[in-house]
There are 2 protein chains.
Amino acid sequence: MAPAVAMLVGMTDTTELPSWRDTAARQRIVEFVAVAVAGIPPEDRIAVFDNDGTLWCEKPLPVQADFLLRRIGELAERYPALRSRQPFKAVAERDHEWLGGAITKHYQGDDADLREMAAGLLQAYEGTTVDEFAHLARDFLVKCEHPALGRPYVETAYQPMTELISYLAQHGFTCYIATGGGRDFLRTVSQDVYGIPADRVIGSSVALEYRDGRIVHTARLDVFDDGPAKPVRIWSRIGRHPILAAGNANGDLPMLRAAGGGRREPLRLLVIHDDAEREFAYTAGAAEAIAAAEAENWVAVSMAGDWSQVFGPR
Amino acid sequence: MAPAVAMLVGMTDTTELPSWRDTAARQRIVEFVAVAVAGIPPEDRIAVFDNDGTLWCEKPLPVQADFLLRRIGELAERYPALRSRQPFKAVAERDHEWLGGAITKHYQGDDADLREMAAGLLQAYEGTTVDEFAHLARDFLVKCEHPALGRPYVETAYQPMTELISYLAQHGFTCYIATGGGRDFLRTVSQDVYGIPADRVIGSSVALEYRDGRIVHTARLDVFDDGPAKPVRIWSRIGRHPILAAGNANGDLPMLRAAGGGRREPLRLLVIHDDAEREFAYTAGAAEAIAAAEAENWVAVSMAGDWSQVFGPR
């Protein structure tokens with residue numbers, strides 16, 4: 001560490017980030033924040049975080065997939081004719097191989113099954129108002145348990161990452177979530193879980209429509225906020241370039257690369273899922289991102305090595 | 001005024017809003033704010049404002065039309081082959097009738113000329129990065145003079161409306177702009193002119209694309225943020241329902257109607273352009289909105305009657 005930076009770091013409170021072990025990853029974060037506080041005006045201290053697999057657990061299935069598949073199951077129960085079509089068929093028959101396979105195939109570049117699933121999932125809340133949807137989403141997130149972790153979904157956020165968001169906020173950063181998942185789904189709990197208000201959640205969305213004074217869901221996709229869509233949506237929402245970006249998968253690469261906007265050297269964090277004991281160990285869908293982090297000296301955050309705990313107290 | 005409301009109003013500082021005459025319009029605003037402060041939590045005190053004709057002058061042409069037509073003129077000069085096509089032809093030949101007619105026809109429901117103009121205008125900044133565009137837009141707004149008002153565009157905001165935005169902010173409201181004009185155009189000056197930061201400007205946009213680490217303009221329209229698109233975009237950006245909405249034209253009707261989200265009684269303001277002396281007198285494109293304001297007892301703000309001054313000091 002250069003002496004000037006050491007002095008700046010000395011000025012920050014290093015008792016923060018208690019769930020981070022005293023490793024190089026933590027040190028680089030603390031250094032970056034100290035330098036930003038000294039040299040970058042608060043309005044430009046923008047940080048963006050992917051959500052699934054970066055801020056909370058995305059295995060064995062993304063949280064929203066559980067939410068949507070339960071609804072698909074209810075619809076298949078209510079309307080037997082639907083059961084001849086995917087994904088209603090797979091849900092009704094508990095065909096986890098087809099369901100899990102669709103996402104694995106997506107990461108391998110084959111979107112055929114995912115498209116079929118998405119077309120079904122998009123119908124799940126057609127005609128629902130944004131307010132009814134928010135009520136249902138929040139209810140699910142607060143009450144339903146994660147299938148492996150023995151806690152409600154709303155408590156499956158990574159404790160070190162929520163500490164990082166607080167730490168950044170305390171140092172004048174404004175944090176946003178840029179999720180590939182549903183914006184209006186995550187918004188319902190983002191303030192409680194991360195201290196990030198609804199208007200700072202950017203993400204995927206079905207097309208919404210204004211009908212007679214109410215805003216309702218259609219069955220069409222508006223934006224799938226992943227890959228190259230992420231930096232575009234981040235700009236569209238914020239109008240500034242983030243100086244810190246955190247992700248965990250290939251779909252986060254454009255967001256990570258675009259950070260800094262070519263003007264400033266940003267901090268790029270990649271969460272590595274290498275902790276089979278406390279969470280899940282996997283690299284599927286993250287191989288390119290991991291290679292980029294190594295080649296370009298991003299901060300690769302090892303869940304096993306860099307975090308003293310993964311989840312918060314129950 | 002009910003006694004309880006009178007007491008609440010007494011608690012607010014009525015020396016605010018100095019450019020508003022002591023009329024019913026001003027009184028209803030002050031009452032609404034007092035009641036909101038007493039009963040609505042700050043996170044739900046959301047206000048949205050249309051921009052062209054509501055916050056700043058839109059005559060004789062919308063500000064951004066001047067910006068784009070100058071660029072079209074430059075392109076027509078540089079590439080003579082373009083001059084056989086609209087809008088290059090009209091700009092090169094100074095055919096103001098065609099140019100002004102396109103917008104009047106739009107308000108009358110005929111979009112043929114507007115589409116032709118838009119297709120040309122969309123090409124104006126194709127391939128430009130968002131940062132280059134921001135630089136050009138800001139430069140134009142700060143330096144170019146309004147053709148009739150004798151002041152740069154950046155000083156054509158209505159003083160009573162900027163006072164209203166400050167007044168609301170002082171009472172815990174968060175104000176957003178929802179403009180039918182270009183989001184990335186207005187953003188460059190929204191903080192300086194209105195005290196509204198870039199991330200609280202919602203508006204129309206060309207489709208942006210991520211190319212090699214940079215975000216660039218394409219020649220395709222992403223969203224024309226007018227009419228029923230406004231409440232949808234407002235929800236998409238904010239995730240809450242505004243309780244105060246202000247507009248001036250038919251394109252603001254869905255935004256005005258959707259305010260309150262069916263949960264709360266909102267304040268709906270409609271700026272009436274009835275001041276030929278200090279600004280422009282016109283109702284084209286606003287007839288339905290004016291009728292709705294009368295029928296539904298919205299606050300119709302008469303520029304001639306309710307404002308002691310229209311523009312700020314030079």
Side-chain angles (χ1 to χ4, degrees), chain A residues 42-44 46 129-134 174 176 183-188 190-191 196-203 205-218 222-223 227-241 253-263, chain B residues 42-44 46 129-131 133-134 174 176 183-188 190-191 196-203 205-218 222-223 227-241 253-263 266:
Chain A
E43 63 267 26
D44 285 335
I46 304 288
T129 69
V130 290
D131 302 288
E132 287 162 2
F133 180 84
T174 305
Y176 290 80
R183 176 196 66 209
D184 288 356
F185 178 71
L186 184 59
R187 266 178 171 174
T188 62
S190 60
Q191 178 70 51
I196 292 180
D199 61 297
R200 287 200 249 124
V201 177
I202 309 163
S205 179
V206 299
L208 302 173
E209 244 174 52
Y210 175 76
R211 292 183 198 154
D212 300 327
R214 308 190 321 162
I215 302 166
V216 299
H217 284 226
T218 70
D222 183 20
V223 192
K230 279 204 178 189
V232 167
R233 296 271 283 177
I234 288 167
W235 172 268
S236 298
R237 177 72 68 88
I238 309 176
R240 292 177 188 277
H241 298 292
L253 267 175
M255 171 183 81
L256 290 160
R257 287 235 160 84
R263 286 180 60 210
Chain B
E43 63 268 26
D44 286 335
I46 305 287
T129 70
V130 289
D131 302 288
F133 180 83
T174 306
Y176 291 79
R183 177 195 65 210
D184 289 356
F185 178 70
L186 184 60
R187 266 179 172 175
T188 62
S190 60
Q191 178 70 51
I196 293 180
D199 61 297
R200 287 200 250 125
V201 178
I202 309 165
S205 179
V206 299
L208 302 174
E209 244 175 51
Y210 175 75
R211 291 181 199 156
D212 300 328
R214 307 189 323 161
I215 301 166
V216 299
H217 284 224
T218 69
D222 184 19
V223 191
K230 280 204 178 188
V232 168
R233 297 271 285 178
I234 287 167
W235 171 268
S236 299
R237 176 71 68 86
I238 308 174
R240 292 177 188 278
H241 299 291
L253 266 175
M255 171 183 81
L256 290 160
R257 287 236 159 82
R263 286 180 60 210

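From a predicted model like this one, the values you see are computed outputs, not experimental measurements. Every chain is numbered from 1, with letters handed out A, B, ... down the list of sequences.
Across Glu209(A), Arg257(A), Arg183(A), the residue that shares the most heavy-atom pairs under 4.5 angstrom with chain B is Arg183(A). Between chain B and the options Ser236(A), Gly260(A), Ser205(A), heavy-atom pairs under 4.5 Å are most frequent for Ser236(A). The greatest number of non-hydrogen atom pairs below 4.5 Å with chain A, out of Pro228(B), Ala207(B), Pro197(B), is found for Pro228(B).
Closest approach of Ala258(B) to Tyr210(A), counting heavy atoms only: CB-CE1, 3.6 Å. Taking each heavy atom of Trp235(A) and Leu208(B) in turn, the nearest pair found is CD1-CD1, 3.6 Å.
The CD1 atom of Ile238(B) sits 13.5 Å away from atom CZ of Arg200(A), with the distance rounded to the nearest 0.5 Å.
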Give the C-alpha distance, both sets of side-chain angles, the deciding distance and a yes or no for side chain to side chain contact (heavy atoms under 4.5 Å, CB included) between His241(B) and Val130(A).
-> CA-CA 10 Å; His241(B) 299 291; Val130(A) 290; 4.2 Å; yes
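Interface remark: Asp131(B) contributes side-chain atoms only to the contact with chain A (heavy atom separation under 4.5 Å). For Ile215(B), the part sitting under 4.5 Å from any heavy atom of chain A is the side chain, from C-beta outward, and nothing else. At a 4.5 Å heavy-atom cutoff, Thr174(B) makes no contact with chain A through either its backbone or its side chain.
In this structure, Arg214(A) places its CZ atom where only 12 or fewer heavy-atom neighbours from other residues, nucleotides or ligands lie under 6.0 Å away.
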